[in-house]
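Side chains included, hydrogens not; waters and symmetry mates left out as well; all remaining heavy atoms used. Order of the sequence lines sets the chain letters (A, B, ...), proteins ahead of strands, with each chain counted from 1.
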Amino acid sequence: MAETLKKLDDLVSLCKRRGFIFQSSDIYGGLASCYDYGPLGVELKRNVKNAWWKSVVQMRDDMVGLDCSILMHPLIWKASGHVDKFADLIVECKKCNTRTRVDHLEGHEGEETTHHEKPEVAAREDLSDKICPACETVGQFTEPMPFKLMFETRMGANADDSMKVYLRPETAQGIFANFSNVLNTTRIKIPFGIAQMGKSFRNEVTTKAFIFRTREFEQMEIEFFCKPGTDDQWWEHWKEQRMKWYIDLGIQPGNLRFRPHADDELAHYAKACVDIEYKFPFGQGDWQELEGIANRTDYDLRQHQRGIRSITKWFENKRDTEKTPLADEHTDWHKGPLSYFDDENRERYIPYVIEPSAGADRGTLAFLVDAYAEEEVRGEKRNLLRFHPSLAPVKVAVFPLVKKDGMPEKARAIYNDLRGRMTCFYDEKSAVGRRYRRQDEAGTPFCITVDGQTAEDNTVTVRERDSMNQDRVHCDQIKNYLQEKLDM
RNA sequence: GCGGGCGUAGCUCAGUGGUAGAGCGUCACGUUGCCAACGUGAAUGUCGUGAGUUCAAGUCUCAUCGCCCGCUCCA
């Protein structure tokens, strides 16, 4: 019977061998945590993203799309909390090599080190009487080192008047920043959501497991705006919808689960959060997060109202984002610039937000892992990827059985007819059995073979990947046959 | 960042200081008429990178980069 994937290494090897995923900068010895999608990988990943977009935007009345820039006004990251949260300083105990945040260290009297807004102040703090929480050694710490989550760069070619900007650590804030733009231009009403896919960047302390945790990655995020009080039911709605999406695209339900966040695990702004986890074959075969579905309440929009109020101060501080304090919230915050006016009920409020946030690369990896299978066929090992047809990089391969008697010409004609409609692959090299197996390893659901009979009755063999069954199909019916089977 | 393992052809790996190898894959030609067939031939390597020891380094030493496993970290 079919074997599933035991070691991630086997998949990494297949990905490289068949051109799904390569190490970034491979010829230079690689760049840690960065990966490139090859000819098959780029098709697969795009199919994953297209399936998501179709599901959350195209097929819904209450969703619209967005594609905002990666570089944004730095105050956005001040308002979101990313600038301050990740200016933390880390020290390492020289004795046991454990890393601890400076503001988590305790002294002899048990008093906590005060948290400093400015890293320069915290860096001068005396750590000689502080205790390592891991091994209880006193005062044996390295120089505090700043832990910066966000990638920084400079905008403006002239060094004198360029300013520090950040590569976004999440796509979500771009959606909040465009909330009122979308509202003002689409006639859409709450409840509604905005979807966005795109690259994000985080300087993770540790990267992990192939493309699972990388410093550059792609997100598929939704911010769904709803009236306070209806947030719980929308959270349930998205939980259900998002889980269904993975299952509909072929992931075995037994490899998926919800993991609710414990109260002490919740971010300060979140009312509730649940992860959709997949059983990856890493290390201990641990369940790992594919997607988080959080109830972010009205936190973000209210924070951005504070951010808008901070602009003048920011200019006064010569556009130094770290030095600029975030302005206090206006007493009438619920009537602020990011509030929503409900015409029917004549009331104004700041909407609550449900955020289903998925990793495109993680999802792609999960689809790869779940599709991977090894079988024994007539004493030979058969490797295949059982992709859902809509995710398969190549939908159909077209072969002449042998390279003569007009078969290549006929096969090419079929290939040319199909390629405008779906990704196709033509192959006339070596034995047909070998060509079938090559397509199995790429996950191609169907192969069409032109043979001797084709010249007589204009029919071809259509061979299905998983069962290896063959159907005789008339050439006039190929498109219909495939469209039905591929569910296109 | 720490500890352990690893890095040799596209992939999997052998090579224990003395001429760079195998299997699979790839390509060509022939044969072949539906599941990795056979025959013949061919291409492919700064042995991850850089330094050192040595008459001689894939092999020993050091540094560095990358991958895996376990810690640590993880709004």
Counting Watson-Crick and G-U wobble pairs only, both distances under 3.5 Å, name the nucleotide matched with [N], or none.
| N | value |
| --- | --- |
| B:C67 | B:G5 |
| B:U19 | none |
| B:C35 | none |
| B:U26 | B:A42 |
| B:A51 | B:U61 |

Could you give the distance separating [M] and [N] at their [atom1] atoms, to the nearest angstrom?
| N | M | atom1 | result |
| --- | --- | --- | --- |
| B:G25 | B:G39 | P | 12 Å |
| B:A43 | B:G48 | P | 23 Å |
| B:G52 | B:G15 | P | 29 Å |
| B:C6 | B:A42 | P | 36 Å |
| B:G1 | B:C13 | P | 27 Å |

When you measure from the side chain of [X], which nucleotide among [options] comes out closest?
| X | options | result |
| --- | --- | --- |
| A:H82 | B:A75, B:C35, B:C67 | B:A75 |
| A:R438 | B:U26, B:C35, B:C67 | B:U26 |
| A:R202 | B:C68, B:A75, B:C34 | B:A75 |
| A:R437 | B:A36, B:C34, B:C67 | B:A36 |
| A:F210 | B:A36, B:C35, B:C68 | B:C68 |
| A:S13 | B:C34, B:U12, B:A36 | B:U12 |

Donor-acceptor under 3.5 Å (A:D417 side chain, A:A413 main chain): no
Phosphate contact ([N] OP1 or OP2) by [X] side-chain N/O below 4.0 Å:
| X | N | result |
| --- | --- | --- |
| A:K429 | B:U26 | no |
| A:R434 | B:G25 | yes |
| A:R213 | B:C74 | no |

Test side chain to side chain donor-acceptor pair (under 3.5 Å), reference A:D440, set A:R435, A:R382, A:R465, output is A:R382
base_contact_polar ([N] base, [X] side chain, donor-acceptor, <3.5 Å):
| X | N | value |
| --- | --- | --- |
| A:R382 | B:C35 | no |
| A:Y436 | B:C34 | yes |
| A:D451 | B:C34 | yes |

Minimum heavy-atom separation for A:P393 and A:A442, please, with both atom names. CD-O, 3.8 Å
Compare every heavy atom of A:W52 with every heavy atom of A:R242, then report the nearest pair and how far apart it is. NH2-CD1, 3.3 Å
Tell me yes or no: between the side chains of A:E464 and A:N469, is some donor less than 3.5 Å from an acceptor? no
Could you verify whether a donor N or O on one side chain and an acceptor N or O on the other, from A:Q219 and A:S200, lie under 3.5 Å apart? yes
Counting any heavy atom closer than 4.0 Å, what does A:R296 reach on the DNA or RNA strands: base, sugar-phosphate only, or nothing? nothing
